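Worksheet: one structure, shown below.
Keep in mind that the numbers below use all heavy atoms, side chains included, and drop hydrogens, waters and symmetry copies. This structure is a prediction, so every number in the text was calculated from the model and none was measured.
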Amino acid sequence: MGVVTLNEVQDGVVAELESRFPDVEVFTEPPEGGFVGPCFFVKLLNTAHTQELNRRYRRVHTFDIQYFAAGAGSRNGIMQETAEQLYESMETIVTEGNICRGTGMRHEIADGVLHFYVEFKFLVYRPASDDQVMGTLERKEGLKS
């Protein structure tokens with residue numbers, strides 16, 4: 001896998017949500033008028049980028065997928081159903097033809113909003129730069145007498 005950008009991972013999450021929940025609007029930026037349910041808000045919480053070996057890096061992207069239910073009635077049941085569907089749909093996402101697996105999934109309902117947390121961990125490779133060319137090696141051959 002080459003370099004996968006933050007936006008590609010976020011786009012993969014949004015595409016999966018739009019595929020699974022076609023009637024629910026998905027936001028990546030808070031709307032000016034506030035959230036009117038039903039809708040999702042995809043928020044990147046944090047990212048880690050650590051070097052593993054040579055040009056290989058481990059990336060971890062942690063997302064908080066917030067779900068705002070419609071209406072003022074009993075929404076906990078709807079949110080629990082939505083959480084169950086998110087566990088299944090966030091298992092894998094597609095980013096620029098690559099498959100990323102969601103891990104560390106958990107959810108909670110706070111202040112009437114479902115918060116679904118998921119991490120995407122993968123390896124990326126930095127391309128070799130042309131300015132690090134190996135030098136020339138001279139070798140002498142012969143038999144020892």
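Residue L114 comes nearest to A83 through the heavy atom pair CD2-N, 3.9 Å, listed as atom of the first residue, atom of the second, then distance. The shortest non-hydrogen separation linking M79 to V113 is SD-C, 4.0 Å. Taking each heavy atom of F21 and Q85 in turn, the nearest pair found is CE2-OE1, 3.1 Å. The two atoms that bring T92 and E16 nearest to each other are O-OE1, 4.1 Å, heavy atoms only. Counting all heavy atoms, side chain and backbone alike, H49 lies closest to V124 at CE1-CG2, 4.4 Å. The two residues M90 and V13 have their closest heavy-atom pair at CE-O, 3.9 Å.
Classified by interplanar angle (parallel below 30°, tilted 30° to 60°, perpendicular above 60°), the ring pair F116/Y87 is perpendicular. The aromatic rings of F68 and F35 lie parallel to each other, their planes meeting at an angle below 30°, with 60° marking the opposite boundary. Below 30°, between 30° and 60°, or above 60°: for F40 and Y67 the angle between ring planes is between 30° and 60°, a tilted geometry.
No chain of hydrophobic side-chain contacts below 4.5 Å, direct or via other Ile, Leu, Val, Met, Phe, Trp or Tyr residues, connects F41 to V14.
Within a 6.0 Å sphere centred on CD of Q51, heavy atoms belonging to other residues, nucleotides or ligands number more than 12. Heavy-atom contacts from other residues, nucleotides or ligands closer than 6.0 Å to CZ of R20 number more than 12.
The closest donor-acceptor contact from the side chain of S19 to the backbone of A15 lies at 3.5 Å or more, if one exists at all.
Relative to the six-membered ring of Y117, R106 meets both conditions, a distance below 6.0 Å and an angle of at most 45° to the axis.
Using a 4.5 Å heavy-atom threshold, the side chains of D64 and Q66 count as touching.
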